There are 2 protein chains.
Amino acid sequence: MKKNKAISGEEGNGPLMADVARLAGVAISTVSRALATPDRVNAKTREKIMRSARQLGYTPNAIASSLRAGKSNLIMIILPGSLFYGMSQVIPQILHSINTTLARNGYHLMIANLDRDETSERHILNLAFGSAVRGALIFSSDLPDDGSRSFADTALPVVSILRDLSGLSFPSVVTNDRAAMREATEKLIGLGHQRFLYITAEQGNYHDRERYGGVVDAMETASLPKENIVLSGGALSYQEGFRIGTEAADHFATLAEKPTAVLATSDDMAVSFMSAVRQQGWRIPEDISIISFDGSPACAFCFPPLSAIEQPVEAMGRAAAELLVDLIERNERASGQRVVIPSRLICRESIAAPS
Amino acid sequence: MKKNKAISGEEGNGPLMADVARLAGVAISTVSRALATPDRVNAKTREKIMRSARQLGYTPNAIASSLRAGKSNLIMIILPGSLFYGMSQVIPQILHSINTTLARNGYHLMIANLDRDETSERHILNLAFGSAVRGALIFSSDLPDDGSRSFADTALPVVSILRDLSGLSFPSVVTNDRAAMREATEKLIGLGHQRFLYITAEQGNYHDRERYGGVVDAMETASLPKENIVLSGGALSYQEGFRIGTEAADHFATLAEKPTAVLATSDDMAVSFMSAVRQQGWRIPEDISIISFDGSPACAFCFPPLSAIEQPVEAMGRAAAELLVDLIERNERASGQRVVIPSRLICRESIAAPS
DNA sequence: TTGTAGGCGTTATCAG
DNA sequence: CTGATAACGCCTACAA
């Protein structure tokens with residue numbers, strides 16, 4: 001009833017502009033104009049065309065427009081495989097807010113996994129260099145490189161999220177990892193804690209450096225020795241958060257001088273650590289205080305409710321998408337601008353003064 | 001160094017096949033062949049072409065190929081906005097496994113939010129009818145419809161995930177909601193429980209019907225009266241899982257005859273319920289046993305560790321993507337086939353015999 | 001084995 | 001205001 005594509009065509013790929021033109025008794029170009037710039041065509045003709053289009057169920061072929069226009073309306077987001085697991089809803093939340101913002105501006109979002117194989121890097125580079133996408137968002141990742149081409153050389157507008165790549169002149173939307181961690185540490189110091197366990201993944205990566213730096217800052221300000229920070233983890237990726245937290249608890253058990261407070265760099269590490277030390281007989285927060293990073297909604301329902309540095313995921317996604325759209329629209333690219341969206345420390349029952 | 005695009009062209013959209021041809025001293029078509037069907041061109045010519053291509057950093061224009069071929073290699077996944085929140089990692093996990101499978105077969109994954117506004121429905125229909133995508137995965141959603149076009153009429157290959165749409169002749173990859181819930185209920189009945197609180201979202205939707213049905217099945221088999229199932233929630237979407245669980249705890253507090261076991265239809269509902277009833281002074285599992293649905297990895301680290309029906313998210317994603325690729329490759333579409341990937345009941349400390 | 005020519009569906013330019 | 005025509009970049013008969 002709505003669709004009319006010839007005689008059941010089997011493969012008939014839907015009506016074309018030409019079909020609409022024929023039905024309306026005008027030239028193809030007139031149809032095109034009626035659709036793109038309605039006020040540049042006579043009202044009556046326009047009406048006729050619109051009616052024909054509706055009657056045929058015509059939908060413009062997006063690929064043909066893209067080819068003609070020399071640009072697509074696809075945005076690619078590069079996601080590290082390691083962030084797909086765990087309880088923190090960083091990925092879905094950010095995808096949702098980005099996608100909503102992009103859709104509102106007429107763009108579509110394509111996902112590109114950045115796994116640890118070279119195929120995925122090549123895929124991404126093909127997309128970037130093959131004019132398949134109009135812009136890219138790169139989420140907490142390094143720049144793909146397949147040996148002969150590097151993402152750094154792309155002519156695409158790119159915005160980095162979470163990781164600060166403004167030094168490479170990619171505009172970046174980040175949070176204040178360092179200051180937030182410093183604030184959390186100061187909070188614990190204020191409660192009387194002096195000895196900390198810092199649990200991390202992938203020691204030395206951007207987030208670890210920033211966050212650890214924040215802890216050190218706070219210690220220095222309070223004139224506490226750096227040696228009071230015991231490190232745990234550091235060898236695995238964020239994807240392994242639960243394992244990192246569990247192992248940190250084992251590590252904790254072996255320590256002669258126990259830290260009284262824990263700073264975990266992801267929710268997964270925090271909850272698995274809490275679960276394991278509880279089984280060892282420690283109480284939270286009486287024996288151990290703990291604050292984590294990410295602050296997914298589930299933290300409020302942990303036992304005890306988990307204090308956390310809450311990353312403004314939605315806001316970051318929105319900001320990044322808007323920045324990218326703006327870049328595209330203004331036909332720019334470089335500019336090492338840096339948007340910082342602050343994280344908030346949410347204190348819940350997992351912290352208290354040491355006993 | 002790698003890229004050579006004329007004299008810094010400003011807008012020069014990268015080298016074309018024509019550039020490669022010129023550099024190699026052959027015709028464009030020969031370049032095309034050398035890239036697509038290498039053995040149909042002289043080894044020496046091929047070499048020359050490959051070298052030129054590499055030297056220029058040539059990457060084929062994906063849009064042009066798609067137009068020429070009459071088909072894109074984009075797959076769209078339709079995701080309901082309501083599933084982007086909460087602790088269960090259904091969305092990221094399934095995106096990851098789908099994307100990996102698709103990438104291996106040369107396809108790319110595009111996200112389409114299905115929010116509650118008509119714009120998003122129109123967007124999706126434009127994609128489906130505008131030849132922009134080659135196939136679609138529809139994740140636990142109803143079929144988009146903008147009033148004049150319906151997704152049901154699309155000529156695209158479509159696979160439904162989680163929701164059984166095989167009746168509408170869309171191949172579907174689902175889990176055994178009903179049987180799994182039945183098994184969970186039987187487990188609790190076996191422990192001696194006779195009175196249940198069933199917490200749900202969106203009463204009457206596909207998942208609710210299936211899951212509730214499973215509870216009823218188990219009750220009937222055990223000759224327990226249906227009245228022993230107390231319902232909570234049912235008015236909000238899955239997105240509101242934490243709120244649903246919290247409210248269910250309030251509801252629980254008002255009940256004269258307390259259920260001794262709880263069946264929650266998402267992890268979010270379960271953890272927020274546990275958190276709230278604990279504050280009311282109840283103990284789990286001594287006073288209340290609880291089993292949830294989804295079984296995200298974090299369940300193992302709850303307090304107490306949460307028993308759950310674990311959905312095989314990865315496997316479902318992989319199966320759906322493979323099914324879709326197969327459909328595309330074999331040029332088919334309809335076929336109400338239904339792949340069931342069973343969920344597993346994982347028992348942890350949140351259940352025990354009633355006291 | 002290689003080259004020539006035409007077309008995929010749309011849009012922009014230029015006449016009429 | 002409308003119509004013919006030429007691209008967009010690639011691929012594939014078909015011809016050489």
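Naming: A, B, ... by sequence-line order, numbering from 1 per chain. Excluded from the calculations below are hydrogen atoms, water molecules and symmetry mates; all remaining heavy atoms, backbone and side chain alike, are included. Quantities reported herein were computed from a predicted structural model and do not represent experimental measurements.
- Put simply, the side chain of B:Arg33 and the base of C:dG3 share a donor and an acceptor less than 3.5 Å apart.
- Taking for each of B:Ala64 and B:Ala43 the nucleotide of DNA chain C with the nearest heavy atom, the 5'-most of the two is the partner of B:Ala43.
- Per the geometry, CD belonging to A:Glu47 stands 13 Å off P belonging to D:dT2, to the nearest Å.
- Heavy-atom neighbours of A:Lys48 NZ from other residues, nucleotides or ligands within 6.0 Å: above the threshold of 12.
- In this structure, A:Arg163 pairs ionically with A:Asp142, as a charged nitrogen and a carboxylate oxygen lie closer than 4.0 Å.
- Across all strands, A:Ile28 comes closer than 4.0 Å to base atoms (heavy-atom distances).
- Residue A:Ala27 places its side chain closer to D:dG3 than to any other of C:dT2, D:dG9, D:dG3.
- Rounded to an integer number of Å, the gap from CZ of A:Arg68 to P of C:dG7 is 18 Å.
- Counting all heavy atoms, side chain and backbone alike, B:Ser52 lies closest to B:Ala24 at OG-CB, 3.4 Å.
- Atom-to-atom, CG of A:Asn42 to P of D:dG3 comes out at 11 Å; the value is rounded to the nearest Å.
- Between A:Val90 and A:Met316, the closest side-chain pair of non-hydrogen atoms is not below 4.5 Å.
- Here C:dT10 is the nucleotide among C:dT10, D:dC1, D:dG9 with the atom lying nearest to any side-chain atom of A:Met17.
- Whole-Å rounding puts the B:Arg22 CZ to D:dG9 C1' distance at 13 Å.
- Ranking C:dT2, D:dG3, D:dC10 by closeness to the A:Thr30 side chain, first place goes to D:dG3.
- Per the geometry, CG belonging to A:Asn61 stands 9 Å off P belonging to C:dT11, to the nearest Å.
- Checking side-chain atoms of A:Ser120 against main-chain N and O of A:Leu114 turns up no donor-acceptor pair under 3.5 Å.
- Remark: C1' of C:dT2 and NZ of B:Lys48 are 11 Å apart, rounded to the nearest angstrom.
- Distances from the side chain of B:Ser32 to the nucleotides D:dG3, D:dC11, C:dT10 place D:dC11 closest.
- Residue A:Thr45 is the one, among A:Leu67 and A:Thr45, whose nearest nucleotide of DNA chain D lies closer to the 5' end (criterion: closest heavy atom).
- Candidate nucleotides D:dT2, C:dG3, C:dT10 were compared by shortest atom distance to the side chain of A:Tyr58, and C:dT10 ranks first.
- Comparing D:dA4, C:dG6, C:dT10 by their closest approach to the side chain of A:Ser29 singles out D:dA4.
- The CD1-C1' distance, from B:Ile63 to D:dC8, rounds to 10 Å in whole Å.
- When the C1' atom of C:dG9 is taken as reference, atom CG of A:Asp19 falls 11 Å away, rounded to whole Å.
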